[in-house]
Amino acid sequence: MILSGKGWRILLCDLELDCSLRVMDSPRAVPGAGAVDITSPGSLLPPYGVIAGVVLHLFVYFVALLYSYAEQLFTEKSDRKVKKQDAPTPCERCCCKEGQIRNGHVGQRPPSINPERLKDFGEEDYLNGDVKTWEMKIMSRNEDLLRDALDPVTQPNSRSSQPTSNKLIRFEDISAAAFKIQSGVQKTPCMYSRLSKQYGMDIYLKKEFLQYTGSVKERGVLYLLTSLQQEQQKKGVIVASDSNFSMAVAYHASELRIPVFVIMSTSTSLARVKMCREYGALVISYGTTAKDSQIHARRLAQENGYLYLEEEDSAIYLSGLGTMGLEIYEQVPKLDAVIFPAGGHCGLLAGSAAALKHLNPHIAVIGVELESFPVLQQSLKIGHPTEDQACSNHQFYRDVSGPCFGTNSLQLTGKLVDKVVTVREEDILISMLQLLEFERAMVDAEGAIGLAALIAGKLPELKSKRVAITVCSGNLELPLMRQCIDRALTLDSRVCKFSLLLSDCPGAISKLLEILTREEVRMLDIKQEHMFVISDLFTIKVTCIIETRDKIHTAHLRNALLERYPTMMWTER
């Protein structure tokens, strides 16, 4: 039996107690006993016993000290051995130095991330659970999920100074992006729409316009910013546009304590400038065109060490945008089709298609772009981004027109997207009106273009199907929104204009107003003219602008007016 230092002390105390009891039991310790001759041999035994006990105690005490000292030396030696085993290898120290830090312990494979489990990773689990998180890229044992995306690759035609790659993104990249940005962006609802009965299908609207900046671009921007090296994050980033991409960069860079600069042309609306400044960005007005702002931003980036960011199809950015496809698949079971905005900026379409087709290859992925700017269709025909690309600088077409910004998105679209259709401007305006009326959603052209494909009748094969439509942007200035709604009401035959000739006598206009009152229409404007009338002397021209309930009500009113006033001139839309 081996005793510790404490055990030896207990044994020593027991021996001392035993000796004390033996001495007290001797005849000399009994009170009232007679005198004893100390010269007798038997009287010397008790003192010899005490001496032997003391010697034994001293021996045991020294043995206990030696054992404790040996035990301490053994413990220190074991601790040094354990620390040496836990120390990182030179290779691991090199990897950490380059910024590639692994999840959890070194060499241990992190838990797999499946889209079905994304909803189980709450914020508390993400921060306090058994999964350790750092500002890093997530890696697995056999393959680096984002190595292709983060390794700088020099491209001769690169449109920005951020790292890009010609590698197509994989499902693992999108899963990693979803895990990393889940606490920084909203998980927006995908809700059943009241428009379903009108179009004969189950329509679910993915309301990405509910993001903080009103755009789906936040997903790609946040993942892009968090993937930057810490040294670059300290220096800052710079953008040069007034698009949704710039708004998202301004907001998330400020939230991550990254200095952010936004260069805007002098023609940018004051509302956009004010919003970017409220997000925390330093906004600089420079030049009269977007090209002037971009040249100035590149020069500032080169002189001050900022990272110039421009929306393009790097693997990191596409992976962040593709997380919306994961959410749609998780929120709507048994999907038949998903409709996305396309155009030159087709990163959302490409990234989400990569996620959806991996999860269920039978889901139809459809892109929609403007008929006036069919950039994506033209690029798919020739197999590469078109060099001579028509685009519009008007703020209404801001995020639905523009040049195709890379081959990654184009390759993914050609490989995974089932169909790309075009719609007219009139279809987009009516779509904006219906989303506002039925869903109370005030969106811009990019947010309304998906529903416009159903309004235009371009997707008859989706009848009786379960369809998700991405409503991905809601950034439109109020003055422009008012113009769009007025125009949409006219296109939908709910605001009408007509002119007729009346005799210049009392009661002529009142009879016209009686007819309008009987037909239950709302008078918006009425005007009469006496001059420049090429008819009889005693006639006047009356022009009315009215509002009706729908197309049927408008047709009924028109027939009633033609019966009374055959010379009426109805202004077509």
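The figures here come from the full heavy-atom set of this structure, side chains too, leaving out hydrogens, waters and symmetry mates. Along the sequence shown, residues are numbered consecutively beginning with 1.
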Could you tell me whether the side chain of Thr323 reaches within less than 4.5 Å of the side chain of Ile174, counting heavy atoms only?
yes
So for atom NZ, which belongs to Lys465, do other residues, nucleotides or ligands contribute more than 12 heavy atoms lying within a distance under 6.0 Å?
no
Go through it in stages, so that I can follow the logic: the residues are Leu412 and Val417, the test is side-chain contact (heavy atoms from CB on, under 4.5 Å), and I'd like the CA-CA distance, side-chain angles, deciding distance and then a yes or no.
CA-CA 8 Å; Leu412 284 171; Val417 175; over 6 Å; no
Minimum side-chain heavy-atom gap Leu335-Tyr329 below 4.5 Å:
no
Any donor and acceptor pair, going by atom type alone, linking the side chain of Asn360 with main-chain N or O of Leu356 inside 3.5 Å?
no
Exam field: side chain Gln233 to backbone Leu228, donor-acceptor pair closer than 3.5 Å:
yes
Check whether more than 12 heavy atoms from other residues, nucleotides or ligands sit under 6.0 Å from atom NZ of Lys497, and answer yes or no.
no
Test Lys187 against Glu330 for salt bridge (Lys or Arg N to Asp or Glu O under 4.0 Å), laying out the working first.
CA-CA 11 Å; Lys187 185 175 182 178; Glu330 178 184 303; 2.4 Å; yes
Could you check Ile363 against Lys357 for side-chain contact (heavy atoms from CB on, under 4.5 Å), going step by step and ending with a plain yes or no?
CA-CA 7 Å; Ile363 296 177; Lys357 287 296 185 179; 5.6 Å; no
Side chain to side chain contact (heavy atoms under 4.5 Å, CB included) against His358, all qualifying residues, sequence neighbours excluded:
Phe171
Treating Asp336 as the side-chain partner and Val467 as the backbone partner, does any N or O pair qualify as donor plus acceptor under 3.5 Å?
no
Less than 4.5 Å apart, any side-chain heavy atom of Asp173 and any of Ile316?
no
Are the side chain of Ser409 and the backbone N or O of Ala350 linked by a donor-acceptor pair below 3.5 Å?
no
Value rounded to 0.5 Å, distance of NE2 in His345 from CD in Glu446:
9.5 Å
Worked verdict on Phe340 versus Thr413 for side-chain contact (heavy atoms from CB on, under 4.5 Å)
CA-CA 12 Å; Phe340 296 92; Thr413 302; over 6 Å; no
Heavy-atom check, side chain of Leu516 versus side chain of Leu557, under 4.5 Å:
yes
Using 0.5 Å steps for rounding, measure from the CD1 atom of Ile545 to the CZ atom of Arg522.
12.5 Å
Answer yes or no: does atom CE of Met523 have more than 12 heavy-atom neighbours from other residues, nucleotides or ligands under 6.0 Å?
yes
Flag side-chain contact, heavy atom, 4.5 Å: Leu451 against Leu454:
yes
Can any side-chain N or O of Ser246 pair as donor or acceptor with the backbone N or O of Ser241 at less than 3.5 Å?
yes
Would you say CE of Met442 has more than 12 non-hydrogen atoms from neighbouring residues, nucleotides or ligands within 6.0 angstrom?
no
Start with the C-alpha distance between Ser265 and Ser267, add both sets of side-chain angles, then the distance that settles side chain to side chain donor-acceptor pair (under 3.5 Å), and finish with yes or no.
CA-CA 5 Å; Ser265 63; Ser267 59; 3.1 Å; yes
Less than 4.0 angstrom from a charged side-chain N to a carboxylate O is my criterion; do Arg487 and Glu425 meet it?
no
Sorted by chain and number, sequence neighbours left out, side chain to side chain contact (heavy atoms under 4.5 Å, CB included) with Gln186 holds for Thr188, Gln211
side-chain hydrogen bond (donor to acceptor under 3.5 Å, both in side chains) with Ser499: which residues, sequence neighbours excluded?
Thr543
Rounded to the nearest 0.5 Å, what separation is found between the OG atom of Ser293 and the NZ atom of Lys291?
12.5 Å
Hey, is the main chain of Cys472 close enough, under 3.5 Å, to the side chain of Thr470 for a donor-acceptor pair?
no
Find out whether Ile366 and Leu462 are in side-chain contact, i.e. whether some heavy atom of one side chain is under 4.5 Å from a heavy atom of the other.
yes
Determine whether a donor-acceptor pair (N or O, by modelled atom type, separation under 3.5 Å) exists between the side chain of Glu218 and the backbone of Val185.
no
Decide yes or no for Val365 and Leu416: does some side-chain heavy atom of the first lie under 4.5 Å from some side-chain heavy atom of the second?
no
Would Glu311 and Tyr317 count as a side chain to side chain donor-acceptor pair (under 3.5 Å) if you check the C-alpha gap in whole Å, the side-chain angles of each, and the deciding distance to 0.1 Å?
CA-CA 8 Å; Glu311 187 175 8; Tyr317 185 64; 3.0 Å; yes
Leu513 backbone acceptor or donor facing Thr517 side chain under 3.5 Å:
yes
Determine, for Lys206 against Glu327, whether the closest basic-nitrogen to carboxylate-oxygen distance falls under 4.0 angstrom.
yes
Between Asp313 (side chain only) and Thr407 (backbone N and O only), is there a donor and an acceptor less than 3.5 Å apart?
yes
Verdict with supporting geometry, Gln378 and Ile382, side-chain contact (heavy atoms from CB on, under 4.5 Å):
CA-CA 7 Å; Gln378 294 176 1; Ile382 63 176; over 6 Å; no
Phe498 side, atom CZ; Arg558 side, atom CZ - distance, nearest 0.5 Å:
11.5 Å
Just by modelled atom types, is the Phe438 backbone N or O under 3.5 Å from a matching donor or acceptor in the Arg194 side chain?
yes
Find out whether Tyr199 and Ile455 are in side-chain contact, i.e. whether some heavy atom of one side chain is under 4.5 Å from a heavy atom of the other.
yes
Measuring from atom CD1 of Ile449 to atom CG of Leu370, what distance do you get when rounded to the nearest 0.5 angstrom?
4.5 Å
List in chain and number order the residues that pass side-chain hydrogen bond (donor to acceptor under 3.5 Å, both in side chains) with Glu369, two or more places apart in sequence or in another chain; answer none if no residue qualifies.
none
Mind checking side-chain hydrogen bond (donor to acceptor under 3.5 Å, both in side chains) for Ser193 and listing every partner two or more places apart, or none if nothing turns up?
Glu439
Atom pair CE/CG of Met569 and Leu500 - distance to nearest 0.5 Å:
7.5 Å
Would you list the atom pairs, donor with acceptor, under 3.5 Å between side chains in residues 271-287 and any protein atom, with sequence neighbours excluded?
| unit_1 | atom_1 | unit_2 | atom_2 | d |
| --- | --- | --- | --- | --- |
| Arg272 | NE | Glu477 | OE2 | 3.3 |
| Arg272 | NH1 | Asp242 | O | 2.8 |
| Arg272 | NH2 | Asn475 | O | 3.3 |

